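To start, the structure under review is shown below, and the notes come after it.
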Amino acid sequence: MEKSIVFFDGECNLCNGAVQFLVKHDVEKKLMFASLQSKTGQQLLHNHHLHPEMFETMIFQKSNKVYFRSNAALAICQTLGGRFSIFNVFYIIPKRLRDFFYNIIAKNRYKWFGKREQCMVPTPELRKRFLD
């Protein structure tokens, strides 16, 4: 089974909540996780010529294809399948408009949801799904 990687801001409470939600609902364990602050996250940013502190977007890598912002969220829903496939309807909304709203949330996420002093530490059971 193909593994896909969700890259997230490890200091963001909203992002950590999203990761916990994904872990809970990814019953087939298709998803792996890495914070953008980790070695793996920094390598991804470097490989795609992105700023090493570009933490304002969730990034999703699947089959060597990389998705950003709202496309990442929708691609994750597609990967989960089942009832999450309903979110495919949002592809009818132009990407520019989806990303406009995504960016508003991303820019205000620390103010609205708070920030952690350090990245989330997964439980020993979940550690195998997190990349360093």
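No hydrogens, no waters, no symmetry mates; every other heavy atom, side chains included, goes into these values. Bear in mind that the values here come from a model prediction, so they are computed numbers and not experimental data.
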Does Gln61 use its side chain to pair, donor to acceptor, with the backbone of Val66 at less than 3.5 Å?
no

dist Phe90:CZ -> Leu74:CG (nearest 0.5 Å) comes out at 8.0 Å

Quick one: pull up OG in Ser70 and CZ in Phe100 and give me the separation to the nearest 0.5 Å.
13.0 Å

Measuring from Tyr91:OH to Asn71:CG, what's the distance to the nearest 0.5 Å?
5.5 Å

4.5 Å side-chain heavy-atom contact, Ile5 and Ile59
no

With a 4.5 Å limit on heavy-atom distance, are the side chains of Leu22 and Asp26 in contact?
no

From CA spacing to verdict: side-chain contact (heavy atoms from CB on, under 4.5 Å), Leu31, Val23:
CA-CA 8 Å; Leu31 303 175; Val23 165; over 6 Å; no

Of all pairs that satisfy salt bridge (Lys or Arg N to Asp or Glu O under 4.0 Å), the ones with a partner from residues 96-109, not counting sequence neighbours
Asp9-Arg109, Glu56-Lys107, Lys95-Asp99

Is there a side-chain contact between His25 and Phe84, using heavy atoms and a 4.5 Å cut-off?
yes

Does Phe7 reach the side chain of Leu45, with side-chain heavy atoms less than 4.5 Å apart?
no

Heavy atoms of Thr57 and Leu36 approach each other most closely as O-CD1, 3.4 Å

Could you check whether any side-chain heavy atom of Lys65 comes within less than 4.5 Å of a side-chain heavy atom of Tyr67, counting everything from C-beta outward?
yes

When you compare the side chains of Asn16 and Gln20, does any donor N or O come within less than 3.5 Å of an acceptor on the partner?
no

Could you give the distance from CZ (Phe101) to CD1 (Ile105), rounded to the nearest 0.5 Å?
9.0 Å

Going by atom types alone, do Ser4 and Lys30 pair a side-chain donor with an acceptor below 3.5 Å?
no

Quick check: are there more than 12 heavy atoms from other residues, nucleotides or ligands sitting under 6.0 Å from NE2 of His46?
no

Non-hydrogen side-chain atoms of Cys12 and Phe113 separated by less than 4.5 Å:
no

Quick one: do Asn13 and Tyr110 satisfy side-chain contact (heavy atoms from CB on, under 4.5 Å)? Show the steps, please.
CA-CA 8 Å; Asn13 285 335; Tyr110 292 148; over 6 Å; no

Report the distance from atom OH of Tyr102 to atom CE of Met58, rounding to the nearest 0.5 Å.
5.5 Å

State, yes or no, whether a side-chain contact exists between Gln78 and Lys62 at a heavy-atom distance under 4.5 Å.
no

Measuring from atom CD of Glu11 to atom NZ of Lys115, what distance do you get when rounded to the nearest 0.5 angstrom?
5.0 Å

Residues in salt bridge (Lys or Arg N to Asp or Glu O under 4.0 Å) with Arg69, at least two apart?
none

For the backbone of Ala34 and the side chain of Ser38, can you confirm whether one donor and one acceptor N or O come within less than 3.5 Å of each other?
no

Same hydrophobic cluster for Val27 and Leu80, using side-chain heavy-atom links shorter than 4.5 Å among ILVMFWY?
no

Should the heavy atoms of other residues, nucleotides or ligands under 6.0 Å from CG of Leu97 be counted, would the total exceed 12?
yes

